[in-house]
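Have a look at the structure below before the remarks.
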Amino acid sequence: MRDLVERAQDGDRDAFAALVGMTSDRMYGLAVRILRDGVLAEDALQGALITVWRQLPTLRDPDRFEAWVRRLLVHACYAEARRRRTWTANVRLLPVDGPAGRDDLISVDDRDALDRAFRRLSIEQRVVFVLHHHQGLPLVEIADTLGIPAGTARSRLHYATRVLRAAIEADAVPVLPEGRMA
Amino acid sequence: MTSERDFDRIARAWLDLGPNEAPDRAVAAVLQAVETTPQVRRPIRWPTWRPTTMTRITLLAVLAGTIAIAIGGLVLVGGQDGPAPQPAPSTAPSPAAPTTKPLPEAIWGGWTAASRGTEIEDPDTTTILFGPSSLDQWNPGFGLERQGRPRLLGSTVVEETPGVLRITLNTPALVSCEMRDVGRYRWSLSGDGQWLTLEAIEDACPARSAIVTGTWQHNLGYSNEGGPGVAVNFAPYVAFTLPVERWNGNQFGETDTLVLDNGDGSADLRIWKDPDGFVDACDRDAGRLDLDPGTDAFLAYLRDGRQFSVIDETELTVDGRRAVEVEIRLGDAIEGPCAPLDGNESDRRGILLWASHAAQGTFWNGVAGDQWSLVVTEVDGATFLMEIVRQDGSSWPVDRSVVDSIRFVTELPTPPAS
């Protein structure tokens, strides 16, 4: 991948197309889980990848390409969420007919409860939760990706976990401001 | 009760639901867009250390401001039709109408006036900033900028009714103001977008009212949409006119340096006052050269420095002063590893060029083969070095329309009579 990144940094569009092919599925999967909406995720992916192309010459360490792309994608998700924040109540449900569903491991009730509770989280809390539980990133790497202190990442994960866990234990979950968490 | 392990398993299973393949149309739109999208130039400016007098709070404020400006740039670029190619739009559902109108884009950016003389302002000029706030990046914000000090009066702002802004303080109490103090201001913009007039209707925060009320000139040191304005990063100030398009401010809170690039990365505007040279192009530890002021002294540095090859020199005038447009190429006489590039110790392709004298916090570097088109002039005994260029294929010639608009002014222009 390093060779492709370096070629793309020098303006090689074929190399960039290869990089897009290698990363776009993972990045789309990340975006759609953060935003819970395929259309928004598509927009975030497109915006992020074009930014990747434009800013590639500024990437100092080609070996950090994927982490850098992930960071740009998260920022694109922030922008999408911000742009559409006035009508998040209308966000459509994430399609559940994807090819990789482990549907047998989760009940319909749990799924619906998690869907509802997840939408009550802030976009920042969603990002940390998805990076940790879906992408499998440790908190230190999440903090590095997002450019936030590890303690902040831990706090966001803690809050998100608490809300989602409560959601599958009971429908009514008190939502506290993030800053009031221990 | 759900155990920790059960919850993790359920959460992962839930997250595993859903698509894992990017739609072909999205990928195709990206690849189509990059066909006509230029890449930015390699960054040649890298903050390597910060001034010893910069406190942690100040540094955070500077970084937060930079991030906010960058986010503002992204938001504006994304929200406007501009020269940059855009991917094919998705078919999104119609949005619900927002309950309040966001801050009008016409007034996003920095605005400067002579200081009102309050104790929280800078002594000479005062700059206010409208746009995404560093305090709450999700809401359009307002703040009082201060050179090298934390931003004050951080507020959220919306257009309550056409022509009326509602500004709500969302930072801790200050002077006579309390959190959530609301002010209402009538705003109007001059035809050329250069002058913003804010008239207080009411404000529960008197300190804010004392500063905000009045007429402001567009400060081009922040992200902006082009047009005429002024940069107060220097003494004298530099007034000029930018082509009407998105420009991203990239301030690091420095004096004597101005850095802008346009939205699609095809134009740069950089101005340095009295830059230092380097004793050794490959060794920053060898120290800086305190160059004599003036056009000829800087040209001599370019001609004599082993990192530069002067390709061409052309005499011109800038604001009635003698100036020289000089084209240089880097690294013709340098073989093998040189200096860390952009601060990366493992990449020794860097070549040291010059550094900001006043801030002491940054230096500029490039790599062998880079070509720069610069304009050098002298104003009141000070060197002004300018890189004001626009991409033309693979070359970056000087944008003479901007250079010709430059005026060096010791006082802010008088606002037009209302």
Side-chain angles (χ1 to χ4, degrees), chain A residues 9 11 13 16-17 20-21 24-29 32-33 38-40 42-43 45-47 49-51 53-58 60-61 75 78-79 82-87 89-90 92 94-96 98-103 105-106 110-111 114-115 129-130 133-134 161 164-165 168-169, chain B residues 1-2 4 7-23 25-27 29-31 33-35 37-43 67 71 74-75 78-79 84-99 132 137-139 264-265 341-344 346-347:
Chain A
Q9 284 185 301
R13 288 179 167 82
F16 180 73
V20 169
S24 59
D25 285 348
R26 271 197 302 283
M27 293 304 124
Y28 178 72
V32 81
R33 281 162 179 83
V39 173
L40 299 186
E42 216 174 297
D43 286 350
L45 177 70
Q46 291 180 350
L49 289 177
I50 289 174
T51 302
W53 164 254
R54 287 192 57 234
Q55 301 291 335
L56 249 181
T58 71
R60 283 179 285 153
D61 182 359
H75 282 283
Y78 286 162
R82 195 204 69 82
R83 198 169 296 144
R84 313 292 171 91
R85 67 195 293 272
T86 52
W87 62 90
N90 297 331
R92 290 170 292 147
L94 177 71
V96 293
R102 293 161 57 191
D103 220 355
L105 298 178
I106 181 170
D110 283 349
R111 202 171 64 199
L114 287 169
D115 278 333
F129 188 83
V130 173
H133 283 289
H134 184 255
T161 300
L164 296 176
R165 189 171 178 168
I168 56 177
E169 291 176 352
Chain B
M1 201 64 185
T2 308
E4 196 67 43
F7 175 78
D8 287 352
R9 179 185 60 78
I10 293 170
R12 288 198 178 93
W14 173 68
L15 286 169
D16 279 346
L17 298 172
N20 283 314
E21 289 183 14
R25 63 178 176 276
V27 173
V30 168
L31 298 180
V34 302
E35 285 297 323
T37 302
Q39 291 182 307
V40 300
R41 303 169 74 191
R42 177 179 293 109
I67 292 166
I71 291 171
L74 286 173
V75 168
Q86 298 294 319
S90 305
T91 52
S94 297
T99 54
Q137 64 183 11
W138 306 115
N139 290 301
D264 66 4
L341 180 62
D342 301 340
N344 183 356
S346 64
D347 186 346

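- If you take CG on L17(B) and NE2 on H134(A), they are separated by 9.5 Å, rounding to the nearest 0.5 Å.
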* Dump the intermediate steps for side chain to side chain contact (heavy atoms under 4.5 Å, CB included) on Y28(A) and V27(B), then the final yes or no. => CA-CA 10 Å; Y28(A) 178 72; V27(B) 173; over 6 Å; no
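- At a threshold of 4.5 Å between non-hydrogen side-chain atoms, the residues W53(A) and V30(B) do not count as touching.
- Side-chain atoms of R33(A) come within 3.5 Å of backbone N or O of P19(B) as a donor-acceptor pair.
- Using a 4.5 Å heavy-atom threshold, the side chains of I10(B) and H133(A) count as separate.
- In terms of heavy atoms, E42(A) sits closest to A26(B) at CG-CB, 3.5 Å.
- Minimum heavy-atom separation, A22(B) to D25(A): N-OD1, 2.8 Å.
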